[in-house]
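In what follows, chains carry the letters A, B, and so on, assigned in the order in which the sequence lines appear, proteins first and then strands, with residues in each chain numbered from 1.
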Protein chains: 2
Amino acid sequence: MDREPYMSDTDELLSIRAAELYYEENQTQDEIGVILRLTRWKVGRLLASAKANGFIRIEIVHPRARRLPIERRLRESTGLTDAIVVSSAGVSSDAELQSRTAQAAADYLTSLRPIPRTLGISWGRTLHDVSLHLKQGWAPGVNVVQINGGVSLNQRTGTAASTAVTIAHKADGSATLLPSPAIFERLETKQAMEADRTVAGVLALARNAQAYVFSAGQADANSALVDSGYLTVAQIDDLVARGAVGDVVGRYIDHNGRIVDPELNERTVGIQLDQLRRAPLTIAVISGRSKHAIARAVVRNGLCTVLVTDEDTANALLQD
Amino acid sequence: MDREPYMSDTDELLSIRAAELYYEENQTQDEIGVILRLTRWKVGRLLASAKANGFIRIEIVHPRARRLPIERRLRESTGLTDAIVVSSAGVSSDAELQSRTAQAAADYLTSLRPIPRTLGISWGRTLHDVSLHLKQGWAPGVNVVQINGGVSLNQRTGTAASTAVTIAHKADGSATLLPSPAIFERLETKQAMEADRTVAGVLALARNAQAYVFSAGQADANSALVDSGYLTVAQIDDLVARGAVGDVVGRYIDHNGRIVDPELNERTVGIQLDQLRRAPLTIAVISGRSKHAIARAVVRNGLCTVLVTDEDTANALLQD
DNA sequence: GAGGCTCCTGCTCAAAAGAGCAAGATCGCC
DNA sequence: GGCGATCTTGCTCTTTTGAGCAGGAGCCTC
């Protein structure tokens with residue numbers, strides 16, 4: 001927002017005096033005119049110029065507040081069909097921001113029309129958070145399908161199944177779990193697993209979901225895949241060295257959206273990225289400072305059609 | 001600001017959605033009504049409730065912005081005839097806040113009616129700052145009189161005289177300097193100095209000034225009186241131990257406005273605090289975190305009739 | 001210093017927002 | 001489950017604000 005041309009110094013000062021009376025003292029433009037010895041039209045113009053110069057800052061301070069202008073710019077500059085941007089006004093911790101984002105994702109799911117009969121979901125802290133924010137009865141019956149493996153090696157894992165079950169349960173629907181680890185050590189084992197009728201059936205269902213909701217992980221030692229024991233910190237370091245910015249449904253990509261390690265990718269269970277790219281409705285929920293890079297990769301490479309994120313991440317995306 | 005009673009959860013959410021459309025997207029209440037499927041009256045009420053609940057924060061971001069509601073509350077709760085409170089919105093450093101306060105003091109002096117023929121001033125960083133912010137021709141001839149001693153022991157001192165001279169010069173008026181140190185070591189020397197015709201004349205003029213402008217110092221090692229070499233850090237520590245919260249025109253007071261060390265006070269050159277208390281127009285300019293205590297002492301004990309300060313200090317004063 | 005230009009001013013008229021009210025809905029209480 | 005009290009709703013009427021325009025002031029150019 002540029003400074004208006006041709007506004008004299010004393011007009012600028014007057015516009016501030018007028019703004020004080022208007023916004024803080026709730027005076028009418030007419031009353032302000034009497035006080036400042038101006039016509040009410042002049043007062044109106046001064047107030048307009050104060051706004052145009054960015055001297056008036058209006059913030060909506062509420063956990064559910066969104067930033068519609070940023071959403072619009074994001075849609076326009078990226079071609080997303082929809083963007084949900086939660087305000088970060090008054091937020092102190094990253095956790096609070098992520099909770100707000102999860103809430104917004106839950107709201108978005110709830111308002112989806114038509115209601116998807118089959119909903120593919122990934123797992124992780126974010127998705128779990130989304131499941132908790134959904135209200136009982138958010139949809140009248142949805143079949144929730146896991147789209148990537150996650151039965152795993154320590155207690156964190158329970159959340160993968162519980163996320164799906166919670167989302168389905170709250171929609172009075174059913175959950176179809178993918179009973180498989182996220183990543184196999186040997187390719188053969190993975191192929192054998194996929195050949196299993198049950199697993200193959202789940203994967204087929206996952207491929208045909210009408211909508212997908214997933215998050216993405218940053219490529220660092222805090223990744224959920226490290227936490228769950230599928231990858232070591234050393235492996236992550238190696239992926240980063242090869243250009244990885246993060247993972248989507250367990251698959252690590254670089255900033256061009258390309259699979260960083262095809263061999264590792266082959267051992268990863270779940271739908272392929274191209275299946276996400278082809279789907280008509282894919283909702284990515286990504287929030288937090290550390291996920292700016294992966295968020296950019298996801299959006300720029302068509303991995304989602306809808307992005308739910310926070311103001312700071314959105315602004316980072318708008319910078320290019 | 002309390003939460004409105006009886007506002008349901010979904011109304012609260014609606015009020016946020018409405019606020020987004022109203023304040024960020026500049027839609028009319030009518031248009032919002034169509035979008036949210038509400039009547040325009042309902043939208044109006046939702047917006048009003050969002051404001052009443054404090055969800056809408058409007059800030060005027062400008063170096064010259066003031067906080068009129070705080071000024072009013074300050075006048076009402078303290079009995080000051082006037083209060084000028086500068087906004088701290090968007091301020092990062094204490095120096096910037098003090099500069100804003102000095103600017104506001106300069107503005108206030110400029111707008112004073114009737115214009116005082118004789119203006120008594122103290123010296124220090126703040127007053128110097130005020131002198132710099134005054135505009136050439138701010139008043140048509142004012143006699144500026146120093147009201148406390150300040151010819152002193154190192155280079156900082158030059159500012160005492162230059163402050164008075166600058167203020168007078170910019171008003172096309174004259175400056176009357178008080179050619180005396182701030183504090184004498186021996187009472188006899190001080191009395192001898194006051195007996196001098198020139199000095200006595202200046203002091204008499206100072207006592208009869210129509211208006212006074214002064215700042216106040218905090219009681220700590222950063223005090224200007226320590227800096228200028230009149231007091232040692234040990235002396236300050238002693239004063240603090242005896243209840244001193246800061247100084248006004250070189251005289252240390254406690255939170256009841258009483259002189260902390262009468263003997264020291266006797267050796268201090270300048271007008272007495274009671275003379276300030278009796279004067280009809282005394283303008284205190286006090287800003288910054290470290291001066292909250294002395295600001296409170298000055299205001300609570302009738303040492304000024306007008307206070308120019310910053311938002312944070314003002315809020316501290318309102319807390320009692 | 002005349003002419004043409006831009007920008008500013010104060011207006012009319014139209015749109016938007018707010019105050020206040022009566023009717024209807026909702027709730028607690030017995 | 002009826003009854004009174006309270007809250008909410010949708011309206012009318014009024015106030016406030018904004019859009020658009022014509023006249024005029026100021027300014028640059030020649």
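In this structure, B:Lys42 places its NZ atom 15 Å from P of C:dA25, rounding to the nearest Å. The distance between atom CG of A:Asn26 and atom C1' of C:dA19, rounded to the nearest whole Å, is 15 Å. Following rounding to the nearest Å, B:Arg40 (CZ) and C:dG18 (P) show an atom-to-atom distance of 10 Å. The nearest whole Å value for the distance from the CG atom in B:Leu46 to the P atom in D:dC7 is 18 Å. Residue B:Glu31 contributes atom CD, which lies 15 Å from atom P of D:dG18 at whole-angstrom precision. When rounded to the nearest whole Å, the span between CZ of B:Arg37 and P of D:dG10 equals 15 Å. Between the NZ atom of A:Lys51 and the C1' atom of D:dG18 there is a distance of 11 Å, given to the nearest Å. Atom CD of A:Gln29 is separated from atom C1' of D:dT16 by 8 Å (rounded to the nearest Å).
Side-chain N/O atoms of A:Thr176 and A:Asn143 include a donor and acceptor closer than 3.5 Å. Side-chain atoms of B:Asp310 and B:Ser88 form no donor-acceptor pair, as typed in the model, at a separation below 3.5 Å. Under 3.5 Å, the side chains of A:Thr166 and A:Ser131 contain no donor-acceptor pair of N or O atoms.
Proximity note for B:Thr28 (side chain, C-beta onward) versus D:dC13, C:dA16, D:dC21: the nearest is C:dA16. Across C:dT9, D:dC13, D:dA19, the shortest atom-to-atom separation from the side chain of A:Trp41 is found for D:dA19.
Just one residue in the list A:Leu112, A:Thr305, A:Leu307, A:Val130 forms a side-chain contact (heavy atoms from CB on, under 4.5 Å) with A:Ile283, and that residue is A:Leu112.
Side-chain atoms of A:Arg45 come within donor-acceptor range of the base of C:dG10, with a qualifying N/O pair under 3.5 Å.
An OP1 or OP2 oxygen of D:dT17 is reached within less than 4.0 angstrom by a side-chain nitrogen or oxygen of A:Tyr22.
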